[in-house]
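These numbers come from a predicted model, not from an experiment.
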Amino acid sequence: MKQFIFTFLLFQSLLTSAQGYVSYDHFSTSTLRDDTGNRFGSGDMRTISAGYNIPLSMKMNEHNQPTLWSAGISGTYAIMSNSGEAKELNPCKIINSGISLTHLRPISKKWSILASVGCGIYAPVDEISFRSILGSGGIIFICRLNDHLSLGVGGGITNSYGAPMAMPMLYLNWQHYGKFSFEINMANSIKVSASTWLWKKLKLEFTPLEVDGLAAITVDSDNKEWIYSMTMLQSYFSPSYHFNDKFSIFTSIGGNWIRGISKSERSLKGFFSSFNDNDEEKPYFQAALRLSAGIRFKF
């Protein structure tokens, strides 16, 4: 999805220790259709994702606020098996990867600045070129309203639509910890979750809403550039087993309720015209089973 291009490199987990993950996801076969009743075949998808984030430096002030520099690298490799028109409308294999440098600094007891710059490759695997490199950067002013809620607003710049353009950015993080923990996070994606420890090594998480996506720069036979984007809306249960504080394994089972796709010209004209598109004619994959497994680790 387009917003995914803008935000993927801007936000990274800001941790006190290096942390990484590797995961595999499988989305079962579902029909590609639109709201007018047209059907365009069917398809499934498998993804392999990995990421690693490491703080480069950190210090705390007298108000227990961190000042830190953090570097991150992440990537997703997606394989889609489609039939019918869906095979023509979707790339077979997509890679999304990125590196970023992030800085967090307090400016008062309540306010902090989060700034980041990064770049990545977003392309079908067989079309990777210099044009596949997207860069972005931005700055967010974050206000910690209380111990649970932080809100932020700012702006970023991206070359997703060719010429560099500025975009508004929003940040929201709400957390409540106890026997049952709850979290609402708008960072790399939109995620609402609740979790609890069943015993000291087994944790269960329920995510009723997560919005995520993929993107790719494609080139047609006339050498014209397009942005292919995919938006996923999903819910799932995810138990995880923690061997110790530094290593855990997890699985997930749930549903991917909609997997929408769109394609727009990579230009300022294409950006603005995408807001005028008829939503009823935009195709999407219907509900599908989502299964995943992976590991998380710290150093």
Side-chain angles (χ1 to χ4, degrees), residues 1 3-4 7-8 11-15 17 19-32 42-53 74-81 94 96 148-150 172-214 230-261 284-298:
M1 61 180 177
Q3 188 64 24
F4 183 71
T7 62
F8 182 76
F11 296 103
Q12 294 291 334
S13 299
L14 302 174
L15 307 170
S17 60
Q19 177 168 297
Y21 70 90
V22 179
S23 65
Y24 171 81
D25 290 80
H26 175 77
F27 301 85
S28 65
T29 301
S30 60
T31 301
L32 180 66
S42 61
D44 64 15
M45 185 173 71
R46 290 144 285 157
T47 66
I48 298 174
S49 301
Y52 188 74
N53 186 79
S74 60
T76 297
Y77 180 71
I79 301 173
M80 287 176 274
S81 299
I94 289 178
N96 281 190
H148 305 291
L149 177 63
S150 295
L172 183 150
N173 186 276
W174 179 84
Q175 299 173 333
H176 175 78
Y177 295 113
K179 182 178 180 180
F180 294 92
S181 299
F182 303 91
E183 182 174 359
I184 300 175
N185 192 293
M186 290 175 56
N188 291 340
S189 61
I190 300 174
K191 183 177 180 179
V192 179
S193 63
S195 62
T196 186
W197 288 91
L198 301 181
W199 59 294
K200 64 180 181 180
K201 290 185 179 292
L202 184 63
K203 184 178 183 180
L204 178 62
E205 179 179 333
F206 172 55
T207 301
L209 173 66
E210 182 177 77
V211 181
D212 208 341
L214 295 168
M230 176 190 295
T231 306
M232 296 180 287
L233 175 65
Q234 49 202 1
S235 306
Y236 54 88
F237 285 95
S238 181
S240 57
Y241 184 84
H242 297 248
F243 293 91
N244 50 48
D245 292 338
K246 296 185 177 181
F247 184 78
S248 64
I249 59 175
F250 66 90
T251 61
S252 299
I253 181 170
N256 190 88
W257 309 120
I258 188 171
R259 180 158 61 96
I261 64 170
Y284 59 88
F285 289 94
Q286 293 182 286
L289 177 67
R290 175 185 181 266
L291 301 172
S292 66
I295 62 172
R296 299 186 183 99
F297 53 90
K298 294 181 182 180

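Distance CD/E205 to OH/Y236: 6.0 Å, rounded to 0.5 Å. Note that the CG atom of L214 and the CD1 atom of I261 stand 12.0 Å from one another [nearest 0.5 Å]. Rounding to the nearest 0.5 Å gives a distance of 9.5 Å between CG of L204 and CZ of F180. For the atom pair CD1 of I184 and OG of S193, the computed distance is 9.0 Å after rounding to the nearest 0.5 Å. Summarising the geometry, atom CG belonging to D44 is positioned 7.5 Å from atom CZ belonging to R259; distances are rounded to the nearest 0.5 Å. One distance of note links CD1 of I258 with CD of Q286; it measures 9.0 Å at 0.5 Å rounding.
When all heavy atoms are compared, the tightest approach of G254 to L289 is O-CD1, 3.4 Å. Nearest heavy atoms, G20 versus Y52: CA-CD1, 3.9 Å. The two residues F285 and G43 have their closest heavy-atom pair at CE2-N, 3.6 Å. Contact between R290 and D25 at its shortest, heavy atoms only, is NH2-OD2, 2.8 Å. In terms of heavy atoms, L172 sits closest to W174 at CD2-N, 4.2 Å.
The closest donor-acceptor contact from the side chain of S235 to the backbone of P208 lies under 3.5 Å. Judged purely by atom type and a 3.5 angstrom limit, H148 uses its side chain to pair as donor or acceptor with the backbone of Q175. With hydrogens and angles disregarded, no donor-acceptor distance shorter than 3.5 Å links the side chain of S252 to the backbone of L291. A donor-acceptor pair is defined here as one N or O able to donate and one able to accept, closer than 3.5 Å; no such pair exists between the side chain of S28 and the backbone of A288.
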Subject >> From CA spacing to verdict: side-chain contact (heavy atoms from CB on, under 4.5 Å), S81, R46 >> reply: CA-CA 9 Å; S81 299; R46 290 144 285 157; 2.5 Å; yes
**OP:** Walk me through it: do W257 and Y284 pass the test side-chain contact (heavy atoms from CB on, under 4.5 Å)?
**Re:** CA-CA 10 Å; W257 309 120; Y284 59 88; over 6 Å; no
**OP:** List the steps and the verdict of side-chain contact (heavy atoms from CB on, under 4.5 Å) for Y21 and Q19.
**Re:** CA-CA 7 Å; Y21 70 90; Q19 177 168 297; over 6 Å; no
Original post:
So K191 and E183, side-chain contact (heavy atoms from CB on, under 4.5 Å) or not? Walk me through it.
Top reply: CA-CA 8 Å; K191 183 177 180 179; E183 182 174 359; over 6 Å; no
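Looking only at atom types and distance, the side chain of S49 has a donor-acceptor partner in the side chain of T76 under 3.5 Å away.
Around atom CG of D245, no more than 12 heavy atoms belonging to other residues, nucleotides or ligands sit under 6.0 Å away. When the shell of 6.0 Å around NZ of K246 is examined, it contains 12 or fewer heavy atoms from other residues, nucleotides or ligands.
For F243 and Y241, the distance between ring centers is under 6.0 angstrom.
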